[in-house]
Chemist: 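Quick one: the structure is below, and I'll ask about it shortly.
Indexing begins at 1, ligand by ligand and atom by atom, following the structure's order.
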Amino acid sequence: MGASVRKPGGISLAWGPVPRSSAPCRARRDAPREKDRLTMKRSVAVFGAGYIGLVTGACLAELGHTVTVRDIVPERIQRLNEGGVPIYEPELGDMIARNKERLAFTLDADEAVREAEIVYVCVDTPPTPSGDADLSRVFAVIDVLKSASHLAAVVVKSTVPVGTGQRIRQALDEADLEHVGYASNPEFTAEGKAVRDFMHPDRVVVGTWDDDTAKLIAELHDGVDGKVVFMDVPSAELTKLGANAALATKISLVNELATVCEATGADISHVAAAIGMDPRIGSHFMKAGLGYGGSCFPKDSRALRALSTNNGYPFQLLTSVIEVNELQPRRHVQRLKDELGGLRGRTVALLGMTFKPCTDDMREAPSVIIAGRLLAEGAIVRCWDPMAQPGPVEPWTSTTRHETPLAALEGADAAIIVTEWLELAEVPWGRAHTVMRTPLILDGRNLLDPQVMAGLGFTYMSVGRPTVSS
Ligand code: UGA
């Protein structure tokens with residue numbers, strides 16, 4: 001592996017291209033011989049039973065490895081041990097059930113580490129008030145590992161700022177664990193298709209400082225249908241943040257273009273489709289809407305901006321991307337307010353609450369901002385979502401939840417389509433027209449056909465497309 005330098009603490013830092021034997025390669029698709037299979041199976045401890053940890057654990061078990069998943073939340077582990085899955089993620093429950101002989105769940109960190117050769121860190125890294133990533137949970141795991149001298153490698157999958165690997169390396173060295181390899185193996189899976197993304201990734205990024213660890217982590221993914229890309233640890237850490245920044249930038253760009261469309265009478269669906277036909281730009285992540293949400297884009301874009309600012313460079317483009325996104329749901333509430341001539345006393349139905357369909361995840365969902373703004377303006381908010389779990393927090397405490405879209409639309413002065421659940425395309429909109437007080441729809445995800453909605457008698461507003469009415 002390229003030129004290599006000796007790091008204080010005795011660890012060999014290697015930079016540059018990896019040797020031919022382990023250079024960027026496609027993971028083997030053919031079934032390995034039984035003898036090889038046996039040598040490749042590893043014992044893995046996964047810390048964190050959230051979206052990332054559970055998918056990682058289940059997929060590694062599917063690949064034939066023995067996996068113990070450890071979490072600090074007793075109800076979560078109990079549920080898993082009873083055969084349940086504490087989150088909604090398609091295919092995950094089946095995969096866990098299929099591999100139950102190779103999967104264990106525990107609250108006990110020592111038990112998880114005892115037999116493990118490799119430890120995966122998949123804990124969350126929420127933003128601190130300063131916009132930095134809170135690494136306390138990551139370092140709590142590293143603390144547990146300080147006497148685990150039998151380990152072959154520690155791998156961080158949690159999204160962390162550039163430089164975290166160096167800090168962990170130092171902590172391991174100080175605990176006399178110089179021989180334990182370190183890898184950054186960021187995840188690029190999207191909720192709702194995380195299992196498929198893990199097993200058929202665009203790439204598996206493996207950032208290490210030594211060949212042995214790079215090879216070990218690449219082999220761990222043997223059977224995964226995707227290219228393994230090797231690099232140093234800081235580059236792997238930045239690749240993750242950079243990829244999410246690039247996707248967030250595309251979304252904010254198309255949302256800005258949509259606003260220009262609204263001002264000029266152009267139609268974003270034509271504009272975005274034609275722009276995306278240029279392969280240099282691409283058609284993915286070109287859907288105008290109410291802005292991106294979820295546990296990743298908002299947090300990671302702010303974390304990259306903070307990282308950059310902390311290093312003396314204000315990342316201006318990213319600052320604009322974030323501002324555009326924060327403005328997006330508020331701007332559309334304002335449009336609705338203008339259309340209704342005020343929101344006080346008006347009943348508004350929110351259709352879809354999760355940050356995107358096929359998930360129960362409400363983290364940073366635009367619905368939270370939209371409900372908050374509507375309530376602050378004095379509106380009455382009714383809502384529907386097929387999967388979100390209401391809790392004793394906003395937006396649930398001040399809104400009424402209804403079992404069906406039609407029930408939520410009953411007596412409403414307006415409806416906002418916040419999440420593009422397929423069920424919403426199947427609503428009998430002709431009937432919906434009769435149950436609403438005012439037939440006004442703001443389609444925040446451009447899910448429905450404007451002409452059809454106008455034909456049914458609605459005033460139909462959407463994002464970046466001309467408003468139509470009968
Ligand atoms: C995202 C990335 O897509 C994954 O590659 C990454 O691994 C993950 O973050 C992460 O860092 O863990 P996720 O947050 O699950 O995955 O969801 P996406 O499907 O990417 O959607 C994010 C948000 O962008 C959603 O609110 C969605 O509605 C919005 N979006 C997406 C748009 O507004 N327009 C689009 O064209 C695409």
Chemist: Got a sec, which residues hit salt bridge (Lys or Arg N to Asp or Glu O under 4.0 Å) with Arg373, two or more places apart in sequence or on another chain?
Modeler: Glu377
Chemist: Between Asn255 and Tyr292, is there a side-chain donor-acceptor contact under 3.5 Å, judged purely by atom types and distance?
Modeler: no
Chemist: Run the salt-bridge test on Arg335 and Glu339 with the 4.0 Å N-O cut-off and return the result as yes or no.
Modeler: no
Chemist: May I ask you to say whether Lys356 pairs ionically with Glu191, meaning some side-chain N is under 4.0 Å from a carboxylate O?
Modeler: no
Chemist: Any ion pair linking Glu117 and Arg42 (charged N to carboxylate O, less than 4.0 Å)?
Modeler: yes
Chemist: Report all protein residues having a heavy-atom distance below 4.0 Å to some atom of ligand 1; order the list by chain, then number.
Modeler: Glu187, Phe188, Thr189, Ala190, Glu191, Lys240, Asn244, Ile251, Phe285, Met286, Lys287, Tyr292, Gly293, Cys296, Phe297, Asp300, Phe355, Lys356, Arg445
Chemist: Can you say whether the rings of His221 and Phe198 are parallel (under 30°), tilted (30 to 60°) or perpendicular (over 60°)?
Modeler: parallel
